[in-house]
Number of protein chains: 2
Amino acid sequence: MNYSINEVANKFDLSVHTLRFYDKEGLMPFIGRDKSGNRVFTDTDLNWVAMVCCLKDTGMSIKEIKQYADWCMEGMQTIDERKEMLAAHRKQVLKQIENLKKNIELIDSKIAVYDNPELAQKLYGSLDKQQ
Amino acid sequence: MNYSINEVANKFDLSVHTLRFYDKEGLMPFIGRDKSGNRVFTDTDLNWVAMVCCLKDTGMSIKEIKQYADWCMEGMQTIDERKEMLAAHRKQVLKQIENLKKNIELIDSKIAVYDNPELAQKLYGSLDKQQ
DNA sequence: ATAGAGCTTCGAGTTAACTCTAGGTCAAGG
DNA sequence: CCTTGACCTAGAGTTAACTCGAAGCTCTAT
């Protein structure tokens, strides 16, 4: 099955601008063209776009994603680099999750104070504007 | 206990530039000054800075954090708005965590393919560059 | 009294990641 | 044949969040 840039944009909730921008930045070196020069996305390409979105949504920069794409283009001899990059990124994403969880605790304690203002006395000694 | 802008910057791993920028943007309307005009942070102020960092690190924009700070300045009659904002933000952070978890699964499956290239055959029918 | 450290403001510059515009090609339908 | 719509490129513009530089106070120690 083949897809136009518009269809891909809709599927991934990106703008066509963004997809072309990613292509221009070298994040999609595999995408083919039809006889009149329009991009043609295959199902395999959709998997690739999904991976790019995954990396982007987990905070990887476009520069790094391009490095990954470049390694993919170089073939099998870069498997180790790619694996290492993904492993490091995975670690970094776990850290993000831990951070978010820790921050939710603070948000929760703030909400608790708003729900029960007497708490503020205990927690802070007083309830001034900053609480 | 009082702290200089430098001490606060070190404590929170921010630059003094960033702290002044936050102040200029209205994120820290409580911070006092000494007789020569220098910012003086109290322990209560540190709690506030921690909250600002928490909101920032969980993806809240400076504009929104400013709204929160403004409401704090207005006093008790904005408790409901603040509580609602934090509750909505909390929900949004949970969504982020879920998203990251989902994305880690894709990263893991990719790593698994690199660890065991035969998998690719099963998953994709072939192991081309894009995998 | 003067040098240096540490603070101040103001405003300009940077970076990442889009986002948009202008002007153009191409294929299908009326 | 001509219009319409979907695509194309190149390059300019935008936005958020810093980041930095210049010029100038003020306190402390030599």
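Residue numbers start from 1 in every chain, and the chains themselves are labelled A, B, ... in the order their sequence lines are given, proteins ahead of strands. Bear in mind the structure is a predicted one, so any value in this text is a computation, not a measurement. The figures here come from the full heavy-atom set of this structure, side chains too, leaving out hydrogens, waters and symmetry mates.
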Value in whole Å for how far the P atom of dA6(D) lies from CG of Asn10(A): 11 Å

Phosphate OP1/OP2 of dT9(D): any Arg39(A) side-chain N/O under 4.0 Å: yes

Exercise: do Asp43(A) and Tyr3(A) side chains pair donor with acceptor under 3.5 Å: yes

Euclidean distance, atom CZ of residue Phe21(B) to atom P of dG21(D) [Å, nearest integer]: 18 Å

Any Asn10(A) side-chain heavy atom under 4.5 Å of Asn6(A) side chain: yes

Side-chain H-bond candidate by donor/acceptor type, Tyr68(B) with Arg82(B), under 3.5 Å: no

Distance, rounded to the nearest Å, where Lys24(A) contributes NZ and dA12(D) contributes P: 11 Å

Within residues 55-66 of chain B, residues whose heavy atoms come under 4.0 Å of DNA chain D: Lys56(B), Ser61(B), Ile62(B)

Along DNA chain C (nearest heavy atom to each residue), the more 5'-positioned of His17(A) and Val40(B): Val40(B)

Nearest-nucleotide comparison on DNA chain D, the residue closer to the 5′ end among Ser36(A) and Thr18(B): Ser36(A)

Heavy-atom neighbours of Glu84(B) CD exceed 12 at 6.0 Å: no

Between dC25(D) (P) and Lys35(B) (NZ): distance, integer Å: 18 Å

Sugar-phosphate only, base, or nothing, as touched by Arg20(B) at under 4.0 Å among non-hydrogen atoms: base

Span of DNA chain C in contact with chain A (heavy atoms, under 4.0 Å): dA17(C) to dC26(C)

Test item: side-chain donor near acceptor, Asn47(A) and Thr44(A), under 3.5 Å: no

Side-chain donor or acceptor of Gln96(A) paired with backbone N/O of Thr58(A) under 3.5 Å: yes

Short side-chain N/O contact to dA6(D) OP1/OP2 from Ser4(A), under 4.0 Å: no

Whole-Å gap separating C1' (dA6(D)) and CG (Asn6(A)): 8 Å

Criterion side-chain contact (heavy atoms from CB on, under 4.5 Å) on Leu14(B) and Cys53(B), from CA distance to verdict: CA-CA 9 Å; Leu14(B) 299 170; Cys53(B) 288; 3.9 Å; yes

Separation of atom CD in Glu25(A) from atom C1' in dA10(D), rounded to whole Å: 13 Å

Given Leu27(B), Leu86(B), Val93(B), the one that forms side-chain contact (heavy atoms from CB on, under 4.5 Å) with Leu55(B): Leu86(B)

Stepwise salt bridge (Lys or Arg N to Asp or Glu O under 4.0 Å) check, Asp108(A) with Lys102(A): CA-CA 10 Å; Asp108(A) 282 345; Lys102(A) 198 167 287 174; over 6 Å; no

